[in-house]
Amino acid sequence: HSLGRAKSTFVGGSKSFSALQQRRVPSNHSTLVTRMSATQPPKATKKPHTVLIGGVDGENRGSNAMTPPRKLQDDYFWMRDDERKDEEVLNYLKAENQYTEDQTAHLKEFREELYLELKGHLKETDEQVPYPNGDFLYYTRTQEGKSYKIHCRKAGPDAPEEVILDENKVAEGHDYCDVHSVELSPSHDLLAYSVDHSGYETYKCVVVDLASKEPLKGEAGIAEMDGSVEWGIDNKEVYYLKQDAAHRPFELWRHRLGTEGEDEKLFSEPDEKFWVSLSKPRSGRFIVMASESSETAEVHLIDLQDPNPSLKIVQERAFGVLYSVSHTGDWLVITTNADGAKNFKLVVAPVATPGKQHWRALPTSNEDVTPFDYDPDRMIEFASCFKNFVAVFGRQGGLTRMWVLHIDGGKTLRSWCQVEFPEPAYEVHLGTNMVFDTDKVRVQYSSMVTPASTIEYSVVDQSMTTLKETEVPLYDRSLYTCERTTATARDGTQVPVSIVYAKAMKKEGPQPLFLYAYGSYGASMEPSFSANRLPLLDRGVVYAIAHIRGGGEMGRAWYEDQGKYLTKKNTFNDFVDTAEHLVKTNWTTPEMLAIEGRSAGGLLMGGVVNMRPDLFKVVLAGVPFVDIMVTMSDSSIPLTVGEWEEWGNPNEEKYYEYMLSYSPINNVVAQDYPSIMITAGLNDPRVAYWEPAKWTAKLRDVKTDQNPLLLKVDMGAGHFSASDRYKYLKERAYELAFVFDQLGLFKK
C-alpha cells in the first residue's frame, strides 16, 4: 500500500517514477539538539528561517507565481541536509532513535513474539508458478533464511534447475538491495538487471552472460540510471533511461554492447512536469517510450523491425489528454480519456498512421456483437494485447474488473465478456504473461480472506484454473470474514469501507479497530489479502480500509473532480467521517481506534490528527509527506514541479491559502494529540527524512498532552522501508507492538 509521493505513470503500465535533487543546505553546528534523559525526548533547537512562497528570481516557481512572495517562518529548516552527511543533523536523528528505543524498551520481548508470529505466517521456502518464455520455464523462489529472491529457469518441467540470478549474492556486503528490472535478451543468452544499494532509487544496470553467470566481458555496466531497461531486437543493444539533476527520468538512451564511446541519446524531455517511461509490448516489435505528466501524455515508438530504428510519435501532447498503447498485428490498441472520456475508453489505430485523427472505436465483426463502447460507469485502466485477444483491466462498482475482448486481425471485435470471480469483494490484476500467441492469460487474485492466487483463464471456454494459491502457514480462512459497507460523508457522498475480522473475536459491542487509508494520486487501496494483518485479527482487532476520495476506487472523478487540487480536503473529511461512522455504528470507540497511512497517506494522518485528535487513540504515520508548503514551493526539491498538477502550486495565489489550510506542519496547534509513531528513511528520495523530523519537533514543542510521540528513522533505507524480507517483518512487528501497547492489548 505504500505508493509514495511519486505518481504511478498511466502510460506503459504501473511503473513509478520520482524526482530527486542533491543540494546541500548549510546547518548550524553547536546547538541543534539537546539530548535529554531516557525519560525525556530530544529537544530540537528552533532556528527561525524565512521561506519565500511565490516568485523568486532565478528559480522555477511556476508561470503564475505571486509577486511579491509571501513569507512563512520555518523554525526547523536546518534539518534539511540533501547529502545526508551533516553530523549535527545525523546526531539529532540518532537521538530520536535512541529515545524511541528507550520508550519502547518494555516491548522488546513482545516485538520478538510478534516477529516470530509474522514469520510463522511466511512460507520461507517457496516457489512461484513457472511461466513459459521462449524455450524455458522461468520462475522465482525463496529459501529459508535468505532475504531475497532467487531467479531460475528450466528447459522443461522435469529438467534440472538453472539459477540465473541470486539476489542474495547481489546483496552481499550491502545493508540494502533493490533489484528493479530483470530482463532476458531475445536469445535468452544474456540477462540485464538493475540494482540500487542505498534506497535512494538510483540504479546501476549489469549485463550477465548466462553461460558463465558472470558480468559480460567488456561491459562495465550502466551507472546512474533510473532502473528501467529493455532489450532491442537482439542481443546487441539495450535501451535505458537517465535522470536529470532532480532525479527525474528524462532521457532515453541506447547502449550497443561491446562498443566503445558514449551511448546514443535518443530523446530528452525538457518540461520538468513530465517523466519518461520505458516498456516493450508482448509482441516484441516496439520499444514504447512515454513522456507524461499527471494530466498529459505523449507516446513515441521505436519499431525494432526497422533496419534503422528511430523514435516516431503516436500523437503529440495536448493538455488534459492521457493515453497509453498496446500492440497486436498492424494495429495499436489505445486507452485514452480523449473527447471527454473521463473514465477512459479503448480505440484502435493503424501502426502506420497512429495519430488521433485515425483513432476509432473498435469495430464489431457483425451487428449481433455488442460494442465495447465507452461506459461512464466503467473505468478502463489499461489494455494488454495478445495475438488474438485483448485483456482489459479497470474498475466498476468500486472493485477491480477484467474484460476479455476477442479480436480478429487486431482490429475487429468478435465478442467480449466480463470475467467473473467467486467472491463479492476482491482484487485482480494481470500476472506474468510472456507468450504473445496463446489462448490463456494469467492473473493474480486475492481477497481480504483469500491469499494471493495465480489463476489461468482460458479465453476459449472461459474456464479458470488455479495454478497456485500462496500457502500461508497457520492460517485458516474459515475463521475470518469480510464485509463491505459505506459511510456517509458530510456532503452526502457514500464512502466505501472494506472490513475484515476473526469470527470468533467479533463482539456485539465496540472493539479495537485499525483503520487504514491512502487517498491520493487516484491510487486504489484494494480489498486484498495480507498475512501481516493476522496478529491484529487474532487479538480481536477489526481491520478496515476507507476507500476515500483522492483514490481511484470509484472511478476517475473520485480523484480528478473530488480529491485533488481545490477539492483535496474531501480526502481528510472522508477519513474523519468514516471514523465517526465506525464509532456511531458501534464497531469501535475513539479509545479503541488506531489509524495508519504512509507517504501521501502520512499527509492524511497529519491532517486528520490536527482536525480531530480526539477521534483517535494511536497513529502510525509512515514516511509522511507533511511539510507541503515548503516542499511544494521549492522546485529544487524532488517531485515538486511534476506534482503541481497533483496538489496545486502554492506559489500561486489560486492555491496558496487552500494548501496552507490543510498542510499538517503548518496547522499544528496547542491541543492534545493521540499517541503517534512516525517513521522515516534517511535515504528516502520521495519524502525526505527532514519532513517527518520537522513535524515531530513541531508537535513536541506545541502539543499539550503526555502521550507518546516517537520518531523512528531507518538510517540505511529509503521510502519503502527495509528491502530484506526478514528485516521488513521486524519493522512491522515494531510498529504493531506500539499499537497494541497503546490500545491496552499488551500486558507484560
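What you see below is based on every heavy atom in this structure, not just the backbone, and it leaves out hydrogens, waters and symmetry mates.
- If you check the side chains of Q444 and T454, you find a donor sitting under 3.5 Å from an acceptor.
- For K468, the NZ atom counts as densely surrounded, since its 6.0 Å shell holds more than 12 non-hydrogen atoms of other residues, nucleotides or ligands.
- No close placement of the F389 and H406 rings is indicated, their centers lying 6.0 Å or farther apart.
- E161 and K154 are not joined by a salt bridge, as no carboxylate oxygen comes within less than 4.0 angstrom of a charged side-chain nitrogen.
- Of the N and O atoms on the side chains of W359 and Q357, not one donor lies less than 3.5 Å from an acceptor on the other residue.
- Here E269 does not pair with R248 in a salt bridge; the nearest charged N to carboxylate O distance is not below 4.0 Å.
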Go through the steps for H429 and T400 under the test side-chain hydrogen bond (donor to acceptor under 3.5 Å, both in side chains), then give the verdict.
CA-CA 8 Å; H429 61 267; T400 51; over 6 Å; no

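- Applying the side-chain contact (heavy atoms from CB on, under 4.5 Å) criterion to D368, with sequence neighbours excluded, gives N366.
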Decide yes or no on salt bridge (charged side-chain N to carboxylate O under 4.0 Å, His left out) for E264 and R254, but give the supporting numbers first.
CA-CA 5 Å; E264 181 183 3; R254 177 163 50 207; 3.0 Å; yes

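- When the shell of 6.0 Å around CD of E316 is examined, it contains 12 or fewer heavy atoms from other residues, nucleotides or ligands.
- Ion pairing between K149 and D166 fails under the 4.0 Å rule for side-chain N and carboxylate O.
- Summarising the local packing, NZ of K236 is surrounded by 12 or fewer heavy atoms from other residues, nucleotides or ligands at distances under 6.0 Å.
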Any chance you could lay out the ring-ring contact (aromatic ring centres under 6.0 Å, His included) test for H255 and Y239, step after step, and finish with the verdict?
CA-CA 6 Å; H255 171 70; Y239 294 82; over 10 Å; no

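- Less than 6.0 angstrom separates the ring centroid of Y426 from the ring centroid of Y445.
- H180 has its ring centre less than 6.0 Å from the ring centre of Y203.
- There is a side-chain donor-acceptor pair under 3.5 Å between S185 and N235.
- Annotation: cation-pi pair R317/F274 present, NZ/CZ under 6.0 Å from the ring centroid and within 45° of its normal.
- For the residue pair D226/Y240, the side-chain donor-acceptor check at 3.5 Å is not satisfied.
- Ring to ring, H300 and F267 are close: their centroids are under 6.0 angstrom apart.
- Checked for salt-bridge contact, E456 and R442 meet the test: a charged N lies under 4.0 Å from a carboxylate O.
- In this structure, H151 has its ring center no closer than 6.0 Å to that of Y193.
- Seen from the ring of F386, R282 counts as a face-on cation partner, given the 6.0 Å and 45° thresholds.
- Screening W647, W558, Y559 for a ring pair (Phe, Tyr, Trp, His ring centres under 6.0 Å) involving Y521 leaves a single residue, W647.
- Within the structure, ring-ring contact (aromatic ring centres under 6.0 Å, His included) contacts touching residues 207-236 (residues at least two apart or in different chains) do not occur.
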Run the side-chain hydrogen bond (donor to acceptor under 3.5 Å, both in side chains) test on Y457 and T465 for me, step by step, so that the C-alpha distance in whole Å, both residues' side-chain angles and the decisive distance to 0.1 Å come before the verdict.
CA-CA 7 Å; Y457 175 81; T465 303; over 6 Å; no

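- Residues V641 and W644 have side chains in contact (heavy-atom distance under 4.5 Å, counting atoms from C-beta outward).
- Salt bridge K342/D561: present, at least one basic N to carboxylate O contact under 4.0 Å.
- Between D684 and R686 there is no salt bridge, since no side-chain nitrogen of the basic residue lies less than 4.0 Å from a carboxylate oxygen of the acidic one.
- N60 and E272 form a side-chain donor-acceptor contact under 3.5 Å, judged by distance and modelled atom types alone.
- The backbone N or O of E214 lies less than 3.5 Å from no partner atom in the side chain of D209, so there is not a single donor-acceptor pair.
- A salt bridge links R395 with E526; the closest basic N to acidic carboxylate O contact falls under 4.0 Å.
- Ring pair H197/H174 is parallel by interplanar angle, where below 30° counts as parallel and above 60° as perpendicular.
- Judged by a 6.0 Å distance limit and a 45° cone about the ring axis, R378 is not positioned over the six-membered ring of F344.
- Summarising the geometry, atom SG belonging to C152 is positioned 9.0 Å from atom CD belonging to E162; distances are rounded to the nearest 0.5 Å.
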